[in-house]
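Below you'll find the structure, written out as structure tokens, and then a few comments.
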Amino acid sequence: MTPFSLTGRTALVTGANTGIGQAIAVALAQAGAEVIVAGRRDCDETLALMGSGRSLTLDFADPMAARDVFADQRIDILVNNAGIIRRDDAVDFSEADWDAVMDTNLKALFFTCQAFARAALPRGMGKIINIASLLSFQGGIRVPSYTASKHGVAGLTKLMANEWAVRGLNVNAIAPGYIETANTGALRADPDRNRAILERIPAGRWGRPEDIVQTAVFLAAPASDYINGAILNVDGGWLAR
Ligand code: NAP
């Protein structure tokens, strides 16, 4: 067993049918974890890539959807990855787009963490990994509810770490840079935005889900036991610039 091994651990990854969530699920499984893949649609492709594991239907249209998930099964690692983005000018932005993004990205994330913690705190161990964003630190453009939600994810990650670190629960986040997934399809399809983004990334390329995943393994593993309330940027240098 190395400090990076997840053998004997069970992990749950939300939004695991595609993109970053799918890649994290596969990497956790490769590191030895039993992985439960959760999605609002089937995660069969992810299960096939992992070669083993279980699946669960979780739709955060109900932000309390995960309230009963952790009570009757031991889950050691929670990855809150499910998230959505809605784009419109701030002057036109609708209440519906505000609520949809805040419910999925922030309210569901908090109450899923709370349900996990209620089961994990009595055991004195557990790992929560929240997927934050560059827009946990920056303002962005035309994405007001996304920016508000991801700033909230950063704040809640620190709050929960402050309350639960002493009880053996690590709460941390990953802030991915610009990653090639469905979430960023509109940006990559816009030649001007695509060029502007690429010119600003010190690494000179978009990230891929695979660029994120070993940071998730690290934050899930004993190697990170003394890391609490951190938000690790995996962004090709974007925030250093
Ligand atoms: P993605 O391919 O669009 O994946 C988003 C995942 O969230 C999908 O599995 C999606 O399910 C799921 N989801 C959305 N609404 C849900 C709901 N109501 N209930 C359950 N699952 C729901 O995008 P991604 O880039 O991999 O995004 C993953 C996370 O990374 C998000 O939190 C995103 O904000 C964050 N992030 C991405 C980037 C980037 O550059 N791509 C950068 C920073 C942060 P469906 O397939 O059913 O829609």
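In what follows, residues are counted from 1 in the order of the sequence shown. Just follow the structure's listing: the first ligand is 1, and inside any ligand the first atom is 1. Only heavy atoms go into these numbers, but all of them, side chains included; no hydrogens, no water, no symmetry mates.
Listed as neighbours of ligand 1 are Gly15, Asn17, Thr18, Gly19, Ile20, Arg40, Arg41, Leu58, Asp59, Phe60, Ala61, Asn81, Ala82, Gly83, Ile84, Thr104, Ile131, Ala132, Ser133, Tyr146, Lys150, Pro176, Gly177, Tyr178, Ile179, Thr181, Ala182, Asn183, Thr184, each bearing a heavy atom under 4.0 Å from the ligand.
A centroid separation of 6.0 Å or more is found between the aromatic rings of Trp98 and Phe93.
Identified under the side-chain hydrogen bond (donor to acceptor under 3.5 Å, both in side chains) test for residues 16-39, with sequence neighbours left out: Gln22-Glu45, Gln22-Thr46, Glu34-Arg54.
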Step-by-step side-chain hydrogen bond (donor to acceptor under 3.5 Å, both in side chains) determination, Ser224 to Lys127: CA-CA 9 Å; Ser224 61; Lys127 301 273 192 176; 3.1 Å; yes

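Below 30°, between 30° and 60°, or above 60°: for Tyr178 and Trp238 the angle between ring planes is between 30° and 60°, a tilted geometry.
Counting only N and O atoms by type, the side chains of Asn228 and Trp164 include no donor and acceptor under 3.5 Å apart.
Within the 3.5 Å criterion, the main-chain N or O of Ala132 finds no donor-acceptor partner in the side chain of Ser136.
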